[in-house]
Amino acid sequence: MTRRKVGGGTPPPVGQQGDLFGGGASTKRAPTAARKSAAPRPPPPVEEDGTSLLGPMEGSPPPPPKPERVVLSVGELTRQLKQTLESRFARVIVRGEVTGFRGPNARGHWYFSLKDAGAAIDAKVWASMAARLRFALRDGMEVIAEGSVDLYEPQGRYSLIVQRLEPVGEGALALAFEQLKERLAQEGLIGPGRVRPPRPPPFLPRRIGVVTSRTGAALQDFLRVLHSRNPRQSVLVADARVQGEGSAVEVARAIERLARTDVDVIVVTRGGGSVEDLWTFNEERVARAIFASPVPVVSAIGHEIDFTIADFVADLRAPTPSAAAERLAPVLADLELTLATQAGRLRRAMERRVLELREEQGQLASRLEDPRRAINHQRLHLSEQVESMMRVLRPSVRGHREQLRALTERLQRARPQARLGEQRAHLLKLAMRLSEAVRAGVATRHGALATARLGLERASPAGQVARERARLAAHRARLLALQQGALADAQKRFQRLEGRLDAMSPLKVMSRGYSVVFRQRDGAVVRTGADVQVGERLGLKLASNGAKTLGGCEEIEATVTAVKGPVDC
């Protein structure tokens, strides 16, 4: 007899599917030596269901267990393929032709395919990797891609995640240089179709801005040559890294900062080096910052044989930092000598010019008339004109005075002050009459309003409303009391019925030590000994642990070993 919970049981055996491409534990073969030593035997006859007709042979090993059928879900198969591919091809280098490239998507990622004459594979370049590429990708370009194989489970497609990309047949830096140079020429920043012609630097700048590393030798060479030629020359240095990751951003920002100051010219310089060392000045951001500068920019990068994009965009290219200093700073002693020579020439020329002007002034003074005569003549003419004007104005003024006197006399006779006094007295009388009429009307209206208020108070329903409210409150309290009493009676009746129903429950009877017996083969309840046979399997349900339904009862499995006749229970 075994005891178990309902719904329990031994879990089904799990197939050996850990290794997708190898056999499971049930498919192992016997050692080779044992197979060779055993004598070949003819296979015994078997029936259709696989049972041997001769039975098991003495001394023969038991037949091997039949291998269990392994069924994989699509997700399990894909995951095992993903693990195998990604571990097997964690780093690969692939050469192929770019096809299907449409530029970066909204997030900056690149999606394209690599193909050759026989096959193609999808490739992906994430935005962080694409931002570090020195050249522009295009369809038809043959490249060498280094990365890892990735399998995308929802679609079951594998692709190459590119971590390094370089063109075939030409260096990445040279290709990026030519591509950027061509694009800037199309936009008019460099070349014969340049939008803005190169601006010549000033002959004697008041202040020179320098963009370079303040710890580099290029700055020291520039300052040494500059101050040896002109010790008074003012220099403003904007420190920036000139090679390495992020140096292009610092150089561009330094140019923009200097352009907002009072410098007359900006020098972008650094010492010589390899192409990689000078690559900062081949970046597009540096080129656009140079072109956008409102003051002339001089490029003095590397040696005379070194050319960068900055050299083509700048207004002037100097082969070395020292040559840039020589171009921007004339020798102070030569300037002073030239200035002294020009000052002497100017002094002598001014003296000759002063003598010529004095002679010319004497000749003009002799030809000039005395202005006092002209003033006296004009004064006499003005006096005559005033006398003529007064002779014309006197009769006109006299006539206007007579007309004004006549109008004044008529105004005095009309006396408007008297008429205003009469109108003011009449207006006061009308105001008094209006005030008395208003007071009488207001008094009459007050009396009528008091009478109406007394009548309204006699007919007011406020008292009756208060009585009806009190009556309604009493009825409401009585109704609530009746509802509570009815609810209490219903609850008591329900509790009595619940107790009677619980006492009549079969589970209550079973909890006192009784059980329900049923047959396993058909689930029928066993009521008499005739309902079972010897060897038949039975199930016994016990209501323990507060079971509420037959499904929640404990179940005991038993086998009938004997059936006895009826006895006195």
Side-chain angles (χ1 to χ4, degrees), residues 20-21 74-75 77-184 186 241 243-250 252 274-288 308-309:
L20 179 63
F21 302 99
V74 176
L77 176 61
T78 305
R79 280 191 293 272
Q80 294 189 23
L81 287 171
K82 179 180 177 68
Q83 295 173 0
T84 304
L85 286 175
E86 293 182 357
S87 61
R88 173 66 178 81
F89 301 100
R91 180 180 178 274
V92 293
I93 301 176
V94 181
R95 176 172 178 170
E97 180 182 340
V98 177
T99 181
F101 179 65
R102 297 295 181 268
N105 63 2
R107 297 185 177 179
H109 306 318
W110 292 0
Y111 296 94
F112 56 93
S113 298
L114 290 176
K115 69 173 184 178
D116 56 11
I121 182 174
D122 292 340
K124 301 175 183 177
V125 180
W126 303 133
S128 58
M129 171 61 192
R132 296 195 299 268
L133 287 181
R134 302 290 189 181
F135 61 93
L137 198 66
R138 61 176 182 269
D139 277 359
M141 179 184 293
E142 189 174 7
V143 297
I144 296 177
E146 179 180 348
S148 59
V149 176
D150 176 75
L151 191 145
Y152 185 57
E153 297 183 32
Q155 297 181 0
R157 298 175 60 181
Y158 74 96
S159 58
L160 178 66
I161 306 300
V162 180
Q163 299 171 357
R164 188 171 180 270
L165 196 66
E166 62 182 20
V168 176
E170 54 182 335
L173 297 181
L175 178 60
F177 183 89
E178 293 300 329
Q179 288 179 346
L180 180 58
K181 185 178 177 182
E182 180 180 357
R183 186 166 67 253
L184 295 180
Q186 293 176 356
R241 289 185 298 144
Q243 71 180 58
E245 188 71 23
S247 58
V249 176
E250 293 189 14
S274 62
V275 176
E276 290 79 7
D277 295 338
L278 302 179
W279 191 257
T280 298
F281 302 94
N282 289 325
E283 295 287 349
E284 182 176 358
R285 179 162 184 177
V286 174
R288 295 190 181 278
T308 63
I309 296 295

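- Residues Phe112 and Val125 have side chains in contact (heavy-atom distance under 4.5 Å, counting atoms from C-beta outward).
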List the atom pairs, donor and acceptor, that lie under 3.5 Å between side-chain atoms in residues 148-157 and the rest of the protein, sequence neighbours left out.
from   : atom 1 : to     : atom 2 : distance (Å)
Asp150 : OD1    : Lys82  : NZ     : 3.4
Arg157 : NH2    : Asp122 : OD2    : 2.5

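- In this structure, CZ in Arg102 is found 15.0 Å from OH in Tyr111, a value given to the nearest 0.5 Å.
- Between Ala248 and Val286, the shortest heavy-atom distance links the atoms O-CG2, 3.5 Å.
- With His109 contributing its side chain and Ala127 its backbone, the two residues share a donor-acceptor pair below 3.5 Å.
- Taken from CZ in Arg164 to CD1 in Ile93, the straight-line distance is 8.0 Å, to the nearest 0.5 Å.
- The minimum heavy-atom distance between Gly103 and Trp110, with the atom names listed, is C-CD1, 4.4 Å.
- Two residues are said to be in side-chain contact when any heavy atoms from C-beta on lie closer than 4.5 Å; Leu137 and Val143 meet this criterion.
- Across all non-hydrogen atoms, the minimal contact from Thr280 to Ser247 is OG1-OG, 2.6 Å.
- Taking CE of Met129 as the reference point, atom CG of Leu165 lies at 6.0 Å (rounded to 0.5 Å).
- In terms of modelled atom types and a separation under 3.5 Å, the side chain of Glu250 and the main chain of Arg241 share a donor-acceptor contact.
- Side-chain atoms of Asn282 come within 3.5 Å of backbone N or O of Ile309 as a donor-acceptor pair.
- Side chains of Gln163 and Glu146 form no contact here, defined as non-hydrogen atoms less than 4.5 Å apart.
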